[in-house]
Amino acid sequence: MDPSLLKREDRCRWVIPPTGAMRVRGVIYADRDLILGMDDKVRVQLSNVASLPGIVGDAVAMPDAHWGYGFPIGGVAAFDADAGGVICAGGVGFDISCGVRLLVSELSAAHARPRRGELAEALFRGVPAGLGSEGAITLDDIDMTAMLNGGARWAVERGWGRPEDLPRIEEGGAMGGAMPEAVSEQARRRQRREMGTLGSGNHYLEVQEVTEIFDEAVAAGYGLERGRVVVSIHCGSRGLGHQIGTEFMREMLLAAPGFGLHLPDRELACAPIRSELGTRYLGAMRAAVNCALANREIVAHLTRQVFARMFERGRLSLLFDVSHNTCKVESHVVAGERRRLHVHRKGATRALAGGHPDLPEDLRPYGQPVLIGGSMAVGSYVLVGTPEAERAAFASACHGAGRAMSRHEALRRFGGRQIQDHLASEGIVVKSPSTRGIAEEAPDAYKNLDAVVLAAEMAGLARRVARLSPFACVKG
DNA sequence: ATGTGC
């Protein structure tokens, strides 16, 4: 992206002033190098988002932003239903409530790392991964509906999780307002055998070591210390979320003329929040959120079974579970006025500051853990939300490294086997059903995670707490 | 992301 097309307001704040149909500003949080490496489509897509009806505040892009379906991935936009605001299926994305959870063990990496081959093998056998993978659970219609309403709570009730996990999950494990009746037969059918599966693409399960601490007090509050083994799980709502996204994007596109909506891009198909279609999408989307929350709870359960078998002190406690693709009704102050807004986060993480009433009591003094996934070579970060993030981005931060090149380009440039061998020589065992998938997810196909996280910190969106380095990875 | 593809 050409920085001269933007107005630089601060070291990490670049503004697209409103022109043409734009109702609000676009703001990109990034340093100069990230702007230079960012696709110009992010600027165009953010301007399009800024022209949607009822948008409030700024249309925001995160330092890891790249172009996506309609909305940029790494985009945040808030809409006021009372001001004609819309809900946009492309603003949530296909993988509804894709997200990350972090489990903390009592093990030292010195103890577990030498067994990484065995560990990766056991996790690969224990957690189904890959395109079309199926789990051991089959849901009938009644159980499907209970899952779509109950999310991780349902999984816990069925014995595939722990009650103490629930407060550590956004929404307490289950998002209210789900409408299972708004989920099509087709979406249900696709999900019947997919609970407790990782999926493919950038989804993964990683065993990592806490290698760096940036904030001792917050890290201690989170139970993170150097040398400790942790597990990151990144997955979403599988076939069900994808099917819902596909169906509603089409329906919203067909319905747009009837709503009098002039779409800047057909991929931004949307519906007024206060319409039958908008209500139905939100209900189906919330059901898909619950599907993702249940899925991550079950994948964690399968992971716990492996750890319990392999280690005497294999207990895993949930630090937090965040969603990266969602739309939630939240209360935010805009221009001095508190308003209830529908906040779209697509490839972005909620990042609440310390003291926020929505945080569980034991995390409230510190702030929300913001879980940032990277590539299979560099691992992840744990950040904490800040008060500035509320003012800058509706309490949001970045979600990962962000792709630097397309999957197609990555396939052309890298070989999955070579990447696996190289990582093995660096002490990272990667298991995957798809060698091609490993090539598509090549570490060099991603932006520099350190640079992205540093830019987020400089922009005031979140503060670094700890860095996590992988040694065993199951890749979808 | 996805029973990769209307």
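Below, chain A is the first sequence line, B the second, and so on; all start at residue 1.
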- Task: Using atom OH of A:Tyr69 as one end and atom C1' of B:dT2 as the other, report the distance to the nearest whole Å.
- Result: 14 Å

- Message: I need the NE2-P distance between A:His408 and B:dG5, as an integer number of Å.
- Response: 16 Å

- Are the side chains of A:Leu363 and A:Gln368 in touch, meaning some heavy atoms are under 4.5 Å apart? no

- Message: Over all strands shown, is A:Gly236 touching base, sugar-phosphate only, or nothing at heavy-atom distances under 4.0 angstrom?
- Response: nothing

- Task: Give the rounded distance in Å between these two atoms: CD1 of A:Ile96 and P of B:dT2.
- Result: 12 Å

- Should A:Arg407 be listed as having a side-chain N or O under 4.0 Å from OP1 or OP2 of B:dT4? no

- Message: Taking the ring centre of each residue, are A:His234 and A:Tyr204 less than 6.0 Å apart?
- Response: yes

- Query: Looking for any heavy atom pair under 4.0 Å, which part of the strands does A:Arg250 touch: base, sugar-phosphate only, or nothing?
  - Reply: nothing

- Could you give the distance from CD1 (A:Ile87) to CD1 (A:Ile273), rounded to the nearest 0.5 Å? 6.5 Å

- Query: Between A:Glu441 (CD) and B:dT4 (C1'), how many Å, whole number?
  - Reply: 14 Å

- Message: Taking any heavy-atom pair under 4.0 Å as a contact, classify A:Glu247: base, sugar-phosphate, or nothing.
- Response: nothing

- Query: Could you give the NE2-to-C1' distance, from A:His203 to B:dT4, as a whole number of Å?
  - Reply: 15 Å

- Message: Once you apply a heavy-atom cut-off of 4.0 Å, does A:Gln186 come out as touching a base, just sugar-phosphate, or nothing?
- Response: base

- Nucleotide B:dT4, atom P - distance to CZ of A:Phe94 in whole Å: 14 Å

- Heavy atoms under 4.0 Å, any strand shown: does A:Arg189 hit a base, just sugar-phosphate, or nothing? base

- Item | For atom CG of A:Leu131 and atom C1' of B:dG5, their distance in whole Å | 13 Å

- Rounding to a whole Å, what distance do you find between A:Leu253:CG and B:dC6:P? 15 Å

- Message: Going by the rule side-chain contact (heavy atoms from CB on, under 4.5 Å), which residues pair with A:Asp58 if we only count those two or more places apart in sequence or in a different chain?
- Response: A:Arg25, A:Val27, A:Val60

- Task: Taking only the side-chain nitrogens and oxygens of A:Ser200, find out if one of them lies under 4.0 Å from OP1 or OP2 of B:dT2.
- Result: yes

- Message: Applying salt bridge (Lys or Arg N to Asp or Glu O under 4.0 Å), can you list everything that pairs with A:Glu157, at least two apart in sequence or on another chain?
- Response: none

